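Residue numbers start from 1 in every chain, and the chains themselves are labelled A, B, ... in the order their sequence lines are given, proteins ahead of strands. Here the structure is a predicted model, which is why all the values come from computation and not from measurement.
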Protein chains: 2
Amino acid sequence: MINKSSLCQQAVDLLKKRIISHALAPGQRLDEAALAMDLGISRTPLREALKILSAEGFVHIKPRRGCFVAELTPGDLEEIFPIMAMLEGRVAHEVAIKATADDLKRLAALHEKLEKHAAGHDVDRYYEVNYVFHDALQELAGNRWLQHMIGDLRRLLRLSRHRSLKLEGRQQESLAEHRALMDALRRRDAAAAEEIMKNHLLAQLVALRSMAARQEAA
Amino acid sequence: MINKSSLCQQAVDLLKKRIISHALAPGQRLDEAALAMDLGISRTPLREALKILSAEGFVHIKPRRGCFVAELTPGDLEEIFPIMAMLEGRVAHEVAIKATADDLKRLAALHEKLEKHAAGHDVDRYYEVNYVFHDALQELAGNRWLQHMIGDLRRLLRLSRHRSLKLEGRQQESLAEHRALMDALRRRDAAAAEEIMKNHLLAQLVALRSMAARQEAA
DNA sequence: ACCTCCTAGCTTGTATACAAAATAACGCAT
DNA sequence: ATGCGTTATTTTGTATACAAGCTAGGAGGT
């Protein structure tokens, strides 16, 4: 058993995974007794886990009425993406100033992977590496609170299965934006890096809108 | 008794107050049994409350070692203020665009109160109204997620008793910045409003720094 | 005298049992 | 048949009891 942490923490981790993977559907009611039985634990640690998930926005607890998996409306996305754009823009800004030549090399290596997966039309791996890339940037920015807030929002965004890269042409755009970002970082142009990152996020929002519109039409 | 909510929620609210007011000192260990006894509840709802407070950053839970009141280091302030500056800047931006003439009148009324308390050297009331003013702005911006995140950070900041307005001259500066903000809002100059608000927050950070330096010297 | 190991206690983590409130089901009256 | 009221059941909220890990203090050895 690698898992030596508390049952509460284990429950938090597992439920997050299930919520993000939509094994637990948005809006679904969570029955404490049934869920506890399913996880093989008692209600006490499970309830503590649900309180944590509630504070982090994954579920909503309606007093005396139960616990429900959170759902993100299109309106939420419209509100969250601009915030993310600001925060990640700030990250890019800091990285442009702080990163060492070595750091930039590591980023470049990740970017190369992105190019490769894009060329191979491997959307899943592209997403994966993209995540790692953004994560690495946050690490380099070295602002723990910024990192914390972005992390919260990122996890939340995953509640909605937005896969905007599936929109034709979007992956190429995304890649071009990443290229421009790497350029700005190498030039140590903080203002440009921030602006590019901002627009990168906002472009994702635009892509999501058109996907939603397309789905609406169908 | 107006208070009909769960014991857990009551505990959360009360503990927040105690932590913010420093009735519970930063770094202090919270003994579950003793605290539960003190609050007149059992450990079960108290533990749920502590989990929530932990997720919101008010306390840190070290597994099997206990729960400790969080403390903000000067480093944390240096990280948080720039984020706040961005977020509140964004709020100002949105308000400049969205606010109706009526909204602006309400804000102006609040600003008048600020001027009055400043003239009367009533620092406490100035802080109070200042809080209401910023809160009103967030309301007008109408971005619930932005509001949520700013709210979290604001409460966190109150962990450190930073009273930068006590620095001589700072209150007058603060007032001037508020005046400039109102001007920009009336002119519907979103970019200017955003910039002014950003600098308003960053100026607070600078004031805090010099207070810390002064305290260091003493 | 100091370090180590072991034990005793205290504190956190978990399970179960109980209380209270909300939902569902049933019967009655219209 | 339908709507309302009452009761039964389910489910959340809370308390208590139990298990397991950490801390501290003392005994024994070097």
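- Rounding to the nearest 0.5 Å places CG of Asn143(B) at 8.5 Å from CD1 of Ile150(B).
- In this structure, the ring-ring contact (aromatic ring centres under 6.0 Å, His included) partners of His200(A), at least two apart in sequence or on a different chain, are His134(A), His178(A).
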Nucleic acid footprint by protein, nucleotides 5-20 of chain D - heavy-atom cut-off 4.0 Å, B for base, S for sugar-phosphate alone:
------SBBBBB---B
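- Scored by the side-chain hydrogen bond (donor to acceptor under 3.5 Å, both in side chains) test, Arg154(B) finds Glu88(B) as partners (sequence neighbours excluded).
- The two residues Gln10(B) and Ser5(B) have their closest heavy-atom pair at OE1-O, 3.0 Å.
- More than 12 heavy atoms of other shown residues, nucleotides or ligands fall within 6.0 angstrom of atom CZ in Arg209(B).
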